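Working notes, beginning with the structure itself.
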Amino acid sequence: DLEFDGRCNLISGANASGKTSLLEAIFFLGRGRSFRTARNETLIRKGAEELLLTGRFDAGESVRPVGVRYSREGFEARAGGNRIGSLAELATILPVQAIDPEVHRLVEEGPQERRRYLDWGVFHVEPRFVEQWRRYQRALKQRNAALRAEAPEQVVRAWDPELLESGRSLAASRREYFAQLVPHVATVGESLLGTTIELSLSDGWLAGTELKEAIEHSWPRDRERGTTHIGPHRADLSIRVGGDLAKHRVSRGQQKLVVAAMKLAQGRLFSATQGRDCVFLVDDLPAELDREHRRQLCQLLAAMRCQVLLSCVDAAELSGCWDGLAVNEMKLFHVEHGALSAVN
């Protein structure tokens, strides 16, 4: 049973002591999933039937209790005693971002991670986005099922109007959000890396063509291979640092800084548009970052005045990093063998 400071919290402890599990639990309260694994069942303690998390969120005017339960039978969430019907509703209560040692995957791996990054931001600024996304996914699923079943063309193409309408709306919402995000990424990137981070957005089809035209052109390939190759489900972000593709030209530590800058930029835009802050979880901050970049990242977080939870092996590793505060002026926690206690 823990109560965190509204600004900075530092969790220290040996490797494998449980620091990441604590941050993972907070992330799960806001997203209904882990930032480490796609398999929620692996989060259930060995020998247990379920996991249960509860939290109290102080928004200033009110305190809101939230609980989530996950078992192999499914997921359940409640807020203020009322059942929450979707993960989207849960995410509006606790907007949370994680910066962990594996964030470089956003740069290195396929476009799914980059779409997830982009869509987190679109979701929080565009109320219609969830319904746009659901409509598009339903139409895409049905169209692909018909393609795999080798259904007649008219049966497959019957899904095209819904796919086009929802796809255009989805892409438009992403482009509008992306235009707002780019200046924040440039500013934070310059502060953190001393160079420019350049993002470009691909809608998921050939630039300069309409979605309808692109789907028509793709029809022979779709029919031959049994899947829809064109649309917002193929959208991607290109990330360049100093003019070079980040995937190929920058080190693992620099990739971590690039993604951290992108997530901080999202946090800034969220604050500007929503009038409140998201919570930042920074797991094993010192990993692959030198002292100066640790300090710069902490200074940027401090300037945002959001709630932050940092983890590291040795609290002294972050001494002097947080907005001029000594480590003993933060709220400190120590984890040992899974037991967590407040130090001050």
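All values below come from the heavy atoms of this structure, side chains included, with hydrogens, waters and symmetry mates left out. Remember, it's a predicted structure, so these values are computed and weren't measured experimentally.
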Could you work out, with ring pair (Phe, Tyr, Trp, His ring centres under 6.0 Å) as the rule, every residue matching Tyr117, not counting sequence neighbours?
none

Without hydrogens or angle criteria, can the side chains of Glu49 and Ser71 be said to hold a donor-acceptor pair below 3.5 Å?
no

List for me each residue that meets ring pair (Phe, Tyr, Trp, His ring centres under 6.0 Å) alongside Phe4, sequence neighbours excluded, and say none if there are none.
Phe333

side-chain hydrogen bond (donor to acceptor under 3.5 Å, both in side chains) partners for Ser341, two or more places apart
none

For Ser86, side-chain contact (heavy atoms from CB on, under 4.5 Å) partners two or more places apart:
Ala88, Glu89, Arg134

Tell me, which pairs form a side-chain hydrogen bond (donor to acceptor under 3.5 Å, both in side chains) where one or both residues lie in residues 278-290, sequence neighbours left out?
Thr20-Asp283, Asp283-Ser311, Asp290-His293

Using the salt bridge (charged side-chain N to carboxylate O under 4.0 Å, His left out) rule, collect all pairs that involve residues 101-112, keeping only residues at least two apart or in two chains.
Glu108-Arg252

Tell me which donor-acceptor pairs under 3.5 Å the side chains of residues 192-203 have, and how far apart each pair is, sequence neighbours excluded?
from: Ser202; atom 1: OG; to: Gly204; atom 2: N; distance (Å): 3.4
from: Asp203; atom 1: OD1; to: Arg175; atom 2: NH1; distance (Å): 3.3
from: Asp203; atom 1: OD2; to: Arg175; atom 2: NH1; distance (Å): 2.8

Do Arg157 and Glu216 sit within salt-bridge range, that is, some charged N less than 4.0 Å from a carboxylate O?
yes

Mind checking side-chain hydrogen bond (donor to acceptor under 3.5 Å, both in side chains) for Gln255 and listing every partner two or more places apart, or none if nothing turns up?
none

Do we see a donor-acceptor contact under 3.5 Å between the side chains of Glu176 and Gln180?
no

Counterpart residues, side-chain hydrogen bond (donor to acceptor under 3.5 Å, both in side chains), relative to Asp222 (two or more places apart):
Arg143, Ser218, His229

Sorted by chain and residue number, the side-chain hydrogen bond (donor to acceptor under 3.5 Å, both in side chains) partners of Ser173 (sequence neighbours excluded) come out as Gln132

Among residues at least two apart in sequence or on other chains, which ones pass salt bridge (Lys or Arg N to Asp or Glu O under 4.0 Å) with Arg115?
none

Under the side-chain contact (heavy atoms from CB on, under 4.5 Å) test, residues paired with Arg116 that sit two or more places apart:
Arg33, Gln112, Glu113

